[in-house]
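Below is one structure, written out as structure tokens; the observations come after it.
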Amino acid sequence: MSRLVLIDGSSYLYRAFHALPPLTGPDGSPTGALFGVVNMLRATLKEQPDYAAFVVDASGPTFRDEMYPAYKANRPPMPDDLRAQIEPMLAIVQALGIPLLRVPGVEADDVIGTLALQARSKGIPVLISTGDKDFAQLVRPGITLVNTMTGTVMDEAGVQEKFGVRPDQVVDLLALMGDTVDNVPGVDKCGPKTAAKWLAEYGSLEGVMAAAGDIKGKIGENLRAALDRLPLNKRLVTIKTDVELEQGPEDLRPRPRDVAALRELYRRYGFNAALRDLEAGNGEGSGRRTPPGPSALAGETAEAPAEGLAAPGAYECITDRKALEAWLERLRDAPLIAMDTETDSLDPMRARLVGLSFAVEPGEACYVPVGHDYPGVPAQLDREWVLEALRPVLEDPDRPKLGQHGKYDLHVLRRHGVQVRGYAEDSMLESFVWNAGGQRHDMDTLAQKYLGYQTVKYEQVAGKGAKQIPFSAVSLEDAARYAAEDADITLRLHRVLSEKLAGEPRLMSVYRDIEMPLVPVLARMEAKGVLVDAEELRRQSEDLGRRMLAAQQRAHEIAGRAFNLDSPRQLGALLFDELKLPALVKTPTGAPSTNEEALEAIADQHELPRLVLEYRGLAKLRNTYTDKLPEMVNPDTGRVHTSYHQAGAATGRLSSNDPNLQNIPIRTEDGRRIRTAFIAPPGRKMVACDYSQIELRIMAHLSGDEGLLRAFESGQDIHRATAAEVFGLPLEEVSADQRRAAKAINFGLMYGMGAWGLARQLGIGRGEAQDYIALYFSRYPGVRDYMDRVRQQARELGYVETVFGRRLQLQEIHSRNAAQRAGAERAAINAPMQGTAADIIKRAMVSVDAWLQQHGDRADMLLQVHDELVFEADADFVDTLLAEVRRRMAGAAELRVPLVVDVGVGANWDEAH
DNA sequence: GTCGATACGTAC
DNA sequence: GACGTACGTATCGACG
């Protein structure tokens with residue numbers, strides 16, 4: 001049957017450019033993108049389509065620019081290295097005999113759309129080869145999409161599955177979502193999920209617009225704000241299918257290739273594999289080994305296009321000793337080993353090793369299964385034997401290793417008896433340091449962003465939800481495809497990201513001198529865990545439970561009926577509808593809030609609000625802490641092992657989860673009691689060391705404000721000193737209220753708070769709050785100048801940075817939305833202080849750990865809570881520890897103010913404060 | 001049963 | 001809308 005293949009040349013050129021390492025030809029000219037495209041074309045031709053066209057954008061404006069002058073205004077200019085590859089690409093396309101189309105005034109998309117519909121009307125099946133999701137709107141019987149980079153084929157069912165809408169709804173979906181790359185703003189906060197939901201409900205864009213008044217919440221407001229531009233969006237994203245063309249589908253027969261011209265071109269650009277095939281007289285792409293990935297075209301198993309793009313590479317599944325030894329040889333010779341482990345659990349403290357993968361060159365990776373277990377599983381190498389064989393490499397500090405979130409793999413291997421040394425690079429942390437604004441740093445996201453590559457998802461091999469199977473039950477074939485890709489992609493990501501970091505010495509230093517050395521330190525803290533008195537917590541749970549029940553019964557009594565105290569909605573209905581109490585606070589969606597502030601405000605008018613507050617406080621402690629922590633005790637170690645997320649907070653802070661040990665209560669009596677359950681074992685003590693007012697000290701340092709610096713140098717209570725300065729009083733005459741106000745200002749400023757917030761915080765009028773702030777700035781003019789400088793820098797550079805050079809990108813600093821922009825400005829104010837504090841304590845941790853490592857088992861670092869480090873130490877070692885930790889924490893940075901460290905010792909965490 | 005959004009509250 | 005950074009629990013409605 002005849003068939004038309006339409007190739008979206010621009011899309012592949014861009015993707016290949018970003019996906020492949022910056023290769024160069026024999027003469028040094030850039031060839032990376034060219035290489036990818038050529039391999040893709042050779043694979044396509046091997047399928048011998050009857051009709052084909054390579055479509056690229058012509059230069060000059062199109063009808064879309066006339067419709068919307070800002071169209072694609074965000075696009076950075078084409079990199080020179082890419083521009084240089086266009087002419088060679090077109091020459092190769094010509095030599096291969098593929099018809100080339102460039103039509104001025106429209107985009108390549110429109111040419112493809114028109115040809116696709118023409119062919120379909122003549123009964124010619126059409127395959128559109130592209131990496132651009134917008135083409136999903138053209139899918140219908142007879143028109144299919146294929147992405148040779150990811151090997152995915154998309155028909156109508158595929159569109160429905162991927163986008164959740166029918167192909168004819170895709171333009172509506174795209175109009176709602178907008179397209180940041182093309183500078184077409186959609187509905188704010190409306191992604192594919194929300195857009196698909198609306199379209200499912202209202203059928204079309206017009207239906208959604210008509211129903212805009214009924215859509216609740218902030219997203220509804222965003223929709224209403226965007227109504228005006230949606231029709232234009234739709235016209236912009238709609239691919240034209242009625243362009244006047246000189247050629248019809250039947251004019252697009254491939255010509256015979258020009259062997260002499262190809263030989264010359266391949267030779268010039270150093271495409272040796274292609275040249276070999278050409279000289280061997282093979283059809284394009286033949287003679288290569290079968291890749292493990294899905295096929296590029298038509299669903300049958302295609303051959304790998306040389307070292308190319310369509311398939312991820314040559315992946316080997318190792319099940320015999322000889323093969324492993326051959327790979328060991330490669331690992332020993334490699335300058336850097338990309339590695340990854342596969343296990344049966346996400347919990348690194350429980351996970352059992354199922355397999356390991358390695359890569360040393362992009363596109364070449366192996367998977368060593370050691371724990372697959374399903375009926376009919378082929379023979380695998382013995383786990384112990386494999387680990388013994390790998391041990392010399394993995395434990396050698398002089399053989400650098402690379403991973404993606406390698407802390408996890410370090411844990412797994414340690415628990416299987418291998419102490420990894422020389423863990424030198426981590427692509428997750430490279431990405432985090434390179435761009436800590438907003439996005440996630442998981443491999444799938446990074447592969448998409450930096451390589452333009454869609455990885456095989458875990459769900460694709462192991463399923464999800466109830467149907468998920470452990471990785472040990474995944475077939476060796478699927479596992480090898482997935483796992484080897486992980487190592488391969490990690491290596492490719494590292495090549496891209498390390499290059500970027502190399503051009504920014506300060507960022508490189510954050511990565512090299514702070515983040516990477518911290519990895520094994522965190523791993524040790526997590527592995528050690530903290531001892532928790534589960535019995536004590538159970539007793540507290542019982543006590544809390546009794547008091548909750550009493551509060552609940554009393555609340556139901558007063559209400560005159562039973563209701564769910566845990567349901568804000570039911571509570572709101574009772575308080576504000578039935579009892580007619582005033583609703584003084586609104587939630588972000590506009591509903592009356594029942595939060596603490598709202599209830600406090602009406603607590604003098606009715607008994608119920610106070611009881612609800614009582615109940616809430618008790619329920620929080622029990623549900624979140626006293627009930628849960630005992631469940632988190634690891635049966636093997638008898639301790640609780642949190643995980644620290646090193647790329648979690650955009651400012652550079654760590655975060656803690658499973659369980660979160662960075663938000664254990666301290667402010668209330670009942671809450672603090674939970675800390676008594678964090679204990680030291682017999683013969684040991686808990687030791688807590690925290691930085692005193694570190695962020696305010698950093699504000700003094702960064703602003704250089706004389707008054708603030710003096711206040712810290714005096715060594716006085718900083719809030720009292722601030723109050724004395726602001727109110728023009730001697731220290732001893734500062735009243736409690738004045739100190740409270742000064743404290744609120746000190747903290748509020750660091751968070752970018754305005755008069756409105758301060759007034760609310762202090763329960764005073766807005767005018768009075770504004771006066772306080774003005775007074776503060778008049779006494780500390782350096783602080784105001786600093787804040788102005790930071791906002792300025794954020795606007796000019798799009799990022800702010802810490803003392804050590806860590807950057808936070810602030811995408812929304814130029815948002816058209818005033819609230820978003822204001823939010824970004826507040827983040828800009830806060831990030832240098834919060835981030836510098838994070839840098840400092842991270843440096844301190846590395847330093848303290850290095851010292852602890854020299855002292856065997858006398859003490860262990862257990863926890864980090866942003867400005868505090870918690871240790872467990874032999875009782876007779878406590879004094880030594882205190883002196884050294886103080887010294888190293890205080891010495892972790894040289895600022896214009898001293899860093900002061902407060903310490904405490906006790907039998908439990910509460911006493912250590 | 002699972003998932004995502006919303007509300008709330010804990011820490012620094 | 002109004003104070004920065006996190007994580008966890010409960011409810012509730014949608015979905016299969």
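These figures come from a predicted structure and were not determined experimentally. Numbers restart at 1 for each chain; the letters A, B, ... are given by sequence-line order, proteins then strands.
Across all strands, A:E695 comes closer than 4.0 Å to no nucleic acid atom at all (heavy-atom distances). Using a 4.0 Å heavy-atom cutoff across all strands shown, A:Q570 reaches sugar-phosphate atoms only and no base atom. Counting any heavy atom pair closer than 4.0 Å across all strands shown, A:K628 reaches sugar-phosphate atoms only and no base atom. At the heavy-atom level, A:G648 lies under 4.0 Å from the strands shown only through sugar-phosphate atoms. If you check every strand for non-hydrogen atoms under 4.0 Å, A:I666 touches sugar and phosphate atoms only.
Distances shown here put a side-chain N or O of A:R667 below 4.0 Å from the OP1 or OP2 atom of B:dA11. Residue A:T589 places at least one side-chain N or O under 4.0 Å from the OP1 or OP2 atom of B:dA7. Contact annotation: A:R826 does not reach the phosphate of C:dC3 (side-chain N/O to OP1 or OP2, under 4.0 Å). Not one side-chain nitrogen or oxygen of A:T594 sits closer than 4.0 Å to the OP1 or OP2 atom of B:dA7.
Across all strands shown, B:dG4 is found opposite C:dC12 as a Watson-Crick or G-U wobble partner, with both distances under 3.5 Å.
Along DNA chain C, the nucleotide nearest A:A827 and the nucleotide nearest A:N657 are compared for position; the residue whose nucleotide lies closer to the 5' end is A:A827. Between A:A649 and A:E221, the residue whose closest nucleotide on DNA chain C is further toward the 5' end is A:E221.
Under 3.5 Å, the side chains of A:T642 and A:S656 contain a donor-acceptor pair of N or O atoms. Using modelled atom types, one finds no donor on one side chain facing an acceptor on the other under 3.5 Å when comparing A:Y644 with A:N657. No side-chain donor-acceptor contact under 3.5 Å links A:E695 and A:H866.
Considering only the side chain of A:A650, C:dA6 comes nearest among B:dA7, C:dG4, C:dA6. Considering only the side chain of A:T651, C:dT5 comes nearest among C:dT5, B:dT6, B:dC8. Closest to the side chain of A:K620, out of C:dG4, C:dT11, B:dG9, is B:dG9. In this structure, the nucleotide among C:dA6, C:dA2, C:dT11 sitting nearest to the side chain of A:R766 is C:dA2.
The side-chain contact (heavy atoms from CB on, under 4.5 Å) test with A:C689 singles out one residue from A:E868, A:M889, A:R886, and that residue is A:M889.
For a distance-only test at 3.5 Å, the side chain of A:N663 qualifies as a donor-acceptor partner of the base of B:dT10. If you check distances only, the side chain of A:R653 does reach the base of B:dC12 with a donor-acceptor pair under 3.5 Å. Not a single donor-acceptor pair, N or O on each side, falls under 3.5 Å between the base of C:dT11 and the side chain of A:R569.
Remark: side-chain polar atoms of A:N830 are paired, donor with acceptor, to backbone N or O of A:M750 under 3.5 angstrom.
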